[in-house]
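Report on one structure; see the data block that follows.
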Protein chains: 2
Amino acid sequence: MSLKHAILVLLEKKPGSGYDLSQRFKRGIGYFWNASHQQIYQELKKLADARWVEFELQTQSERPDKKHYRISAAGRSALKAWLQEPTKHERLNSALLVKLYAAHLADPQALLLQLDERLAAHRAKLEEYVGHESFYLDRGDALSQKQAQRYLTLRHGIRYEWNWIEMLEESRTLLTQGRTPQRPMLERLTRRKIESK
Amino acid sequence: MSLKHAILVLLEKKPGSGYDLSQRFKRGIGYFWNASHQQIYQELKKLADARWVEFELQTQSERPDKKHYRISAAGRSALKAWLQEPTKHERLNSALLVKLYAAHLADPQALLLQLDERLAAHRAKLEEYVGHESFYLDRGDALSQKQAQRYLTLRHGIRYEWNWIEMLEESRTLLTQGRTPQRPMLERLTRRKIESK
DNA sequence: GATCCTTATGCAAGTGGTTGCATAGTATTT
DNA sequence: AAATACTATGCAACCACTTGCATAAGGATC
């Protein structure tokens, strides 16, 4: 399980409370890791028991008290060891793609509704990520190796959203107008690759 | 949970045993749903208890006996109802992207190894899917709505693999040569969109 | 004034999914 | 002759994750 390690990565970058972490998962690195607050609090407890993180209680008068976590030396070496380990391939499961695969069994109107809802969500995400991209682009060649690597994960997120948008738009066209795309995917993709070189 | 419904979709298309289903998840629709054989057998039991599927025992002399499952009328209407329901957004979690995000903490050599292993896997998958694509392309305009919709889910799979390949190649370049890609993602993607119209 | 949102943490119960093991015959490879 | 792979199903224990609830105080909205 890697939630442990995802948390360690975040705490290594910057210490913070469980609440902070849940915000950073949502707003920061949501394009490759997501976790609910319950998961985070449970995991932080385990991490503290294992001495991979330490925390101090910060009492606040205006707001609820919080636990300020930071990674420990043991946590750092556990993280380093994990980075070395082989990584399991994550399995992908998409209920929406199951539905689209079985679209002929469904009421087209109801499917279109779900499709549009998703399309809007992916467009919003894409816009968000493109906003983040400008941070890296503004710095141009001045990107450190570390920043450049982080930019690459963001690019992955952008392409991921774009993929969904294209898929959903194609499905929309098919469901409403019966038009089906003819151009082979690979040709299209490699063409693009050659151009951008 | 949608494993139930993914199984129903497969059985609606064609009845078969638990073993058959696990093959079809792996080799057929693996680009949007995956399930282990333990999961499938457990789920088939539940589905049979709920009367959404029926089975008959087929005794075989040369091979182990098997249970031949097929979807029931109740299963069909449950499936139809599910297709109408709103679909939750699946959360994405990729341990490899966490590692790449934190690449500066890792031994570059060990990371490269993982990266190449994954790159090979995604290239193999892409090749497999492109093989499947020719099935649809050969039929050209003769595709039924049903087939066309299935083709779209495959296109999604192709783009998904392509995205990983590009990401991993870019990371490889960065880790080995320190070169970082400069072209903004969105411009690149939209440019392609205009061309293909 | 009531309701909702944000900050901040947590428990308890349940469901979904993984890991490891077990069985058993045939076929293929070393 | 031995080891591995394929067909075929399943149990038991465990781990990961979700759902629903609870508390608590401030600020914003209706």
Side-chain angles (χ1 to χ4, degrees), chain A residues 1-7 11 15-27 30 33-50 53 55-69 82 85-95 98, chain B residues 1-8 10-11 15-27 30 33-50 53 55-69 82 85-95 98:
Chain A
M1 213 262 305
S2 348
L3 173 56
K4 265 183 187 50
H5 304 100
I7 289 175
L11 289 180
S17 68
Y19 190 83
D20 289 338
L21 289 173
S22 90
Q23 299 304 305
R24 290 167 68 187
F25 275 119
K26 234 185 287 175
R27 285 160 202 174
W33 202 273
N34 289 275
S36 66
H37 81 267
Q38 293 90 340
Q39 246 183 304
I40 292 165
Y41 288 124
Q42 283 171 43
E43 211 56 52
L44 279 172
K45 208 181 173 186
K46 286 183 208 164
L47 283 168
D49 287 346
V53 300
F55 67 92
E56 43 184 320
L57 261 170
Q58 292 186 343
T59 50
Q60 299 179 116
S61 51
E62 305 273 301
R63 324 211 129 193
D65 296 353
K66 62 174 168 177
K67 294 179 180 172
H68 194 76
Y69 287 91
W82 174 75
E85 279 170 29
T87 313
K88 261 181 247 162
H89 303 206
E90 39 270 343
R91 17 177 291 196
L92 32 110
N93 294 78
S94 167
V98 173
Chain B
M1 213 260 306
S2 349
L3 172 57
K4 265 182 186 51
H5 303 101
I7 290 175
L8 289 178
L10 286 187
L11 289 180
S17 68
Y19 190 82
D20 290 337
L21 290 173
S22 89
Q23 300 303 306
R24 290 166 68 188
F25 275 119
K26 236 185 285 176
R27 284 160 203 173
W33 202 272
N34 289 275
S36 66
H37 80 266
Q38 293 90 340
Q39 246 184 304
I40 292 164
Y41 289 124
Q42 284 170 43
E43 210 57 52
L44 280 171
K45 208 180 172 185
K46 285 183 208 163
L47 283 168
D49 287 346
V53 300
F55 68 91
E56 42 185 319
L57 261 170
Q58 291 185 344
T59 51
Q60 300 179 120
S61 51
E62 307 272 302
R63 324 212 128 191
D65 297 353
K66 62 174 170 180
K67 294 179 180 171
H68 193 77
Y69 287 91
W82 175 75
E85 280 171 28
T87 313
K88 261 180 247 164
H89 303 204
E90 41 270 341
R91 16 179 291 193
L92 33 110
N93 293 78
S94 167
V98 173

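Order of the sequence lines sets the chain letters (A, B, ...), proteins ahead of strands, with each chain counted from 1.
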B:Y41 atom OH is separated from D:dA12 atom P, nearest whole Å, by 17 Å

Look at the side chain of A:K66 and decide which nucleotide, out of D:dT7, C:dA8, C:dG10, has an atom nearest to it. C:dA8

Measure from the side-chain heavy atoms of A:Q39 and tell me the nearest of D:dC17, D:dA8, C:dC21. D:dC17

Is there a side-chain contact between A:S17 and the phosphate of C:dT7, meaning an N or O under 4.0 Å from OP1 or OP2? no

Separation of A:D49 atom CG from D:dC15 atom C1', in whole Å? 16 Å

Go nucleotide by nucleotide along DNA chain D from the 5' end; which of B:Q42 and B:N93 gets its closest nucleotide reached first? B:Q42

Between D:dA8 atom P and B:D20 atom CG, what is the distance in whole Å? 7 Å

Can you identify which nucleotide, out of C:dG17, C:dT7, C:dT9, has its nearest atom closest to the A:Q23 side chain? C:dT7

Using 30° and 60° as the class boundaries, would you call the ring planes of A:F55 and A:Y69 parallel, tilted or perpendicular? tilted

Nearest whole angstrom, please: distance from the P of C:dG17 to the CD1 of B:I7. 10 Å

d(CG, A:L57; P, C:dT9) in whole Å: 9 Å

Nucleotide D:dA16, atom P - distance to NZ of A:K45 in whole Å: 16 Å

Choose from D:dA16, D:dT19, C:dG10 the nucleotide whose nearest atom is closest to any side-chain atom of A:K46. D:dA16

Are A:F25 and A:L3 packed together at the side-chain level, in the sense that at least one heavy-atom pair is separated by less than 4.5 angstrom? yes

Please give me the minimum heavy-atom distance between B:A95 and A:W82, naming the atom from each residue. O-CH2, 3.9 Å

Would you say A:S36 places a side-chain N or O within less than 4.0 Å of OP1 or OP2 belonging to D:dC17? no

Between A:K4 and B:H68, who's closer to the 5' end of DNA chain D by nearest nucleotide? B:H68

Using a cut-off of less than 4.0 Å, is there contact between a side-chain N or O of A:K67 and OP1 or OP2 of C:dT7? no

If every non-hydrogen atom of B:N34 is compared with every non-hydrogen atom of A:L92, which pair is closest and at what distance? ND2-O, 3.1 Å

So does A:K26 get a side-chain nitrogen or oxygen closer than 4.0 Å to the phosphate oxygens (OP1/OP2) of C:dT6? no

Separation of A:F55 atom CZ from C:dT9 atom C1', in whole Å? 12 Å

Which nucleotide in C:dG17, D:dT18, C:dT7 has an atom nearest any side-chain atom of A:R91: C:dG17

Would you find a donor on one side and an acceptor on the other, under 3.5 Å apart, between the side chain of B:D20 and the backbone of B:S17? yes

For atom NE2 of A:H37 and atom P of D:dC21, their distance in whole Å: 14 Å

Given C:dG17, C:dA8, D:dT9, identify the nucleotide with an atom nearest to the side chain of A:Y19. C:dA8

Could you tell me which non-hydrogen atom of B:E43 sits nearest to which non-hydrogen atom of B:I7, and how far apart they are? CB-CD1, 3.8 Å

Which of these nucleotides, D:dC17, C:dT9, D:dT7, is closest to any side-chain atom of A:L3? D:dC17

